[in-house]
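Order of appearance sets the numbers: ligands from 1, and atoms from 1 within every ligand. A quick note: this is a predicted structure, and the numbers were derived from the prediction, not measured.
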Amino acid sequence: MHDLELVARLYKKMSLIRRFELRLAEIYHTDAVKSPVHLSVGQEAIAVGICDPLEKDDIVSNTYRCHATYIAKGGNLNEMMAELYGKATGCAGGKAGSMHLVDMKNGILGASAVVGTTIPVATGYALAMKMEAAKTGRQRVTVSVFGDGATEEGCFYESLNFAALHKLPILFVCENNRLAIHTPIEKRWATKRLCERVATYGIETHKISDDNIFNVRDTVTKAINDMRHHHSGPQFIECSTYRWLEHVGPRDDHSDNYRDLNEYRRWKENDQIARLAKLLDKDTVARLEDEITAEIKAAEEFAEKSPYPADEELYKHVYAN
Ligand SMILES: Cc1ncc(C[n+]2csc(CCOP(=O)(O)OP(=O)(O)O)c2C)c(N)n1
């Protein structure tokens, strides 16, 4: 028996992410959105399961596929839409776009398009948090989210080693959607034993193979508690999931012949949004969907009405002060 308030909260976040992204896909051809978009449709349960147990001042670190974690961690929706529109009111002043969402007020570290590079940055943030806790007595935690492709980068292993050596409060989460652009895991990895590889660094690992949002949330809750209150050092979670749409852009790419469509159908049947909708009564779902409609509409209006950045902005934030 699930707590219905929790189910409603998780449902709303997942549905907001999906509907926001599907709306982007709808308007993409109008050129309102000024940057490439890497959509997470199908993967929402991971971002929401990870972020729900976090405190506001805990940090989540993303990749270029960062819409889901930004929304799940409580990033400002108006500022997100304005950023995608390239407007001055955007979360990065309209100069960064979809791949570099950031909202430090809500604990969302800036993302990057260079695969793997956010992992050492997040590890450095966890080091700062450990040093901060030595003074304040209160331990914040960092969650570093990345794809399976990022685990092929050397800086991933350097970060694991450093975090384990210094017992840093960082949770590494691999969103394993089996694909790096068009290349499936079988063509990239000699073995799929990712958790075993990570465990050799002395890091506790967990594998969640079914995208079950409650398993993700429970595993993260326990890991965060261990890190925050028992100084367990880093932990690692591999979450299997599946991307429904193309690697970058608003379309589905099912005619491109690189994915197994039976696998796609199996993941679609396992959709966590549909699953949670069945646990709620119809009126609750309708009310939550109405709220989502209003929030997306308000974000679009905010973005449309906002000005583009002034020309002088070009010269700001180029060098550190
Ligand atoms: C260092 C680097 N190498 C290659 C690329 C090109 N590239 C962009 S996304 C991507 C796939 C990464 O896959 P994964 O980490 O599994 O994340 P996903 O896109 O599945 O979320 C690649 C190879 C890049 N941006 N940076």
Notebook entry, point to check: Does Glu313 pair with Lys316 as a salt bridge, N-O distance under 4.0 Å?
Noted result: yes
Check: Any non-hydrogen atom of Phe146 lying under 4.0 Å from ligand 1?
Finding: no
Item checked: Where ligand 1 meets Ala180 - atom numbers and elements under 4.0 angstrom, heavy-atom basis -> 11 (C), 13 (O)
Next item on the list: State whether a side-chain donor-acceptor pair under 3.5 Å links Arg18 with Ser40.
Entry: no
Notebook entry, point to check: Tell me, which protein residue and heavy-atom name are nearest atom 14 (P) of ligand 1, and how many Å apart are they?
Noted result: Gly149 N, 3.4 Å
Next item on the list: Taking only heavy atoms of His247 into account, list the atoms of ligand 1 that are under 4.0 Å away from them.
Entry: 9 (S), 19 (O)
Checklist line | Closest protein heavy atom to atom 3 (N) of ligand 1, given as residue, atom name and distance to 0.1 Å | finding: Glu153 OE2, 4.2 Å
Next item on the list: Give a yes or no on whether a salt bridge exists between Asp52 and Arg217, defined as a side-chain N under 4.0 angstrom from a carboxylate O.
Entry: yes
Notebook entry, point to check: Would you call Arg178 and Asp148 a salt bridge, using N to O less than 4.0 angstrom?
Noted result: no
Notebook entry, point to check: So is Ala113 polar-close to ligand 1, meaning N/O to N/O under 3.5 Å?
Noted result: yes
Next item on the list: Heavy-atom contacts with Leu179 under 4.0 Å: which atoms of ligand 1 show up? List them by number with element.
Entry: 16 (O), 20 (O)
Notebook entry, point to check: Taking 4.0 angstrom as the limit, do Glu26 and Arg23 come out as a salt bridge?
Noted result: yes
Notebook entry, point to check: Any N/O of Val114 closer than 3.5 Å to an N/O of ligand 1?
Noted result: no
Next item on the list: Provide, to 0.1 Å, the distance between atom 12 (C) of ligand 1 and the closest protein heavy atom, together with that atom's residue and name.
Entry: Tyr64 OH, 3.1 Å
Item checked: Glu289 with Lys12: basic N within carboxylate O range, under 4.0 Å -> no
Checklist line | His38 ring center within less than 6.0 Å of His247 ring center | finding: yes
Check: Looking at ligand 1, does any of its N/O atoms fall within less than 3.5 Å of an N/O of Val115?
Finding: yes
Next item on the list: Could you tell me whether Thr63 approaches ligand 1 through its side chain, its backbone, both or neither, with non-hydrogen atoms closer than 4.0 Å?
Entry: neither
Margin query: Among Asn176, Ile181, Asp148, Thr117, which one puts a heavy atom closest to atom 11 (C) of ligand 1?
Written below: Ile181
Notebook entry, point to check: Any chance the rings of His206 and Phe236 have centres within less than 6.0 Å?
Noted result: no
Margin query: Within the 4.0 Å heavy-atom shell around Arg65, which atoms of ligand 1 are there?
Written below: 18 (P), 19 (O), 21 (O)
Check: Is it true that Asp260 and Arg265 make a salt bridge, defined as a side-chain N closer than 4.0 Å to a carboxylate O?
Finding: no
